[in-house]
Amino acid sequence: MDVHRPVELAVWGLPEPSRVRRPAGGTNNTTLILDDTHVLRIYQNLLPAEIAAEHRLLNELNQRGGLPFTVPAPRPTLDGRTVHDSMAIFPFVPGQRADESLESIELAAEALGVLDQALAEVAVELAPRDWRGSLEQIHPGVSDLEGACAELERRLGDGPGLRWFRESIGPAERLHAKLVRTLPVQIVHGDYSLWNVLVHEGRVSAVLDFEVAHLGLRLNDPVAAVTMATGLGISGAEERLAAFLRGYARSASLSAAEEEATPAMLRYKALYSVVWRIGRWRLGLSPIEEITERLADGLVLDKWLARSGWPGWAWAA
């Protein structure tokens, strides 16, 4: 098998595949499709215990059933575990990654509302992690944001993106702490991007990658998804945003307080994305250019919100 480390598929009772291919996209882990029957996932960010926690959540969702799409179902090894040497096997699900077409964005947004309603019924004890606290909880490579900012300034200089990041952390964390006390909290997917949604024959066939599923604000998922699906602040964003809002409104709605908090959470999500990439960079898993890209994205979003404001979740109704 063409991978950079030995993979003992016999641990799962599987033979060596005759065909191995890599799916398009993905920057956090290595994923290999085996004979179009199974998917091998090699985790880079999580410890085995954290992977097992993700799998317990996935097993709960699969046992509950009722979703109109598939979520990954980890295949047990012959001795009953679902993790072996930071690797896991899942059944292959047909479909293409959702693209930036308006139709795909609508479908993905509608599926998010369905997923989050299902996650709201899962006991919070099954959350793989609790991210109601500081941004310093987000990635094991970033436990000192002040030190991370100083390190980046030495490497990148004190540019506008880094200044935005450094100056936004304190106000964003204080507001987030207040929102956690007042807004609905549940288990959320945490990384609901178009890359993590499969579309097949005109419908969503699967939602993938629950690696950063966590206990947090219910608002986290639609905010993260709308940011990643629409590219707020860049060309064409309004059409994509309208498509997302139409799809989301078909399956879910937010409270008035959540709608009011959305601009603040959009900014918080942009900070979160930077922190995650800093952590990966510090551990040698990502180039520093991925941080500069996220800093630039955050600056664009911040300027767009200051200029245009958030149109509201019912804007496209």
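For this chain, numbers begin at 1 and follow the sequence in order.
- Applying the 4.5 Å side-chain rule to ILVMFWY residues, one finds Val93, Leu198 in the same cluster as Leu208.
- For the atom pair CG of Leu183 and CZ of Arg218, the computed distance is 8.5 Å after rounding to the nearest 0.5 Å.
- Annotation: Phe90 is in aromatic contact with His55 [ring centroid separation under 6.0 Å].
- Atom CZ of Arg163 has more than 12 heavy atoms from other residues, nucleotides or ligands within 6.0 Å.
- Note that Arg41 lies in the cation-pi zone of Tyr43, set by a 6.0 Å cut-off to the ring centre and a 45° limit from the axis.
- Residue pairs meeting the ring pair (Phe, Tyr, Trp, His ring centres under 6.0 Å) criterion with at least one partner in residues 167-188, sequence neighbours excluded, are His176-Tyr268.
- Asp221 places a side-chain N or O within 3.5 Å of a backbone atom of His189 that can act as its donor or acceptor partner.
- Checking side-chain atoms of Gln117 against main-chain N and O of Ser251 turns up a donor-acceptor pair under 3.5 Å.
- Under the ring pair (Phe, Tyr, Trp, His ring centres under 6.0 Å) criterion, the residue pairs touching residues 285-310 are Trp310-Trp313, with sequence neighbours excluded.
- Side-chain polar atoms of Arg280 and Gln44 form a donor-acceptor pair below 3.5 angstrom.
- Counting only N and O atoms by type, the side chains of Thr37 and Asp35 include no donor and acceptor under 3.5 Å apart.
- A salt bridge is absent between Glu293 and Arg277; no separation between the charged side-chain nitrogens and carboxylate oxygens falls under 4.0 Å.
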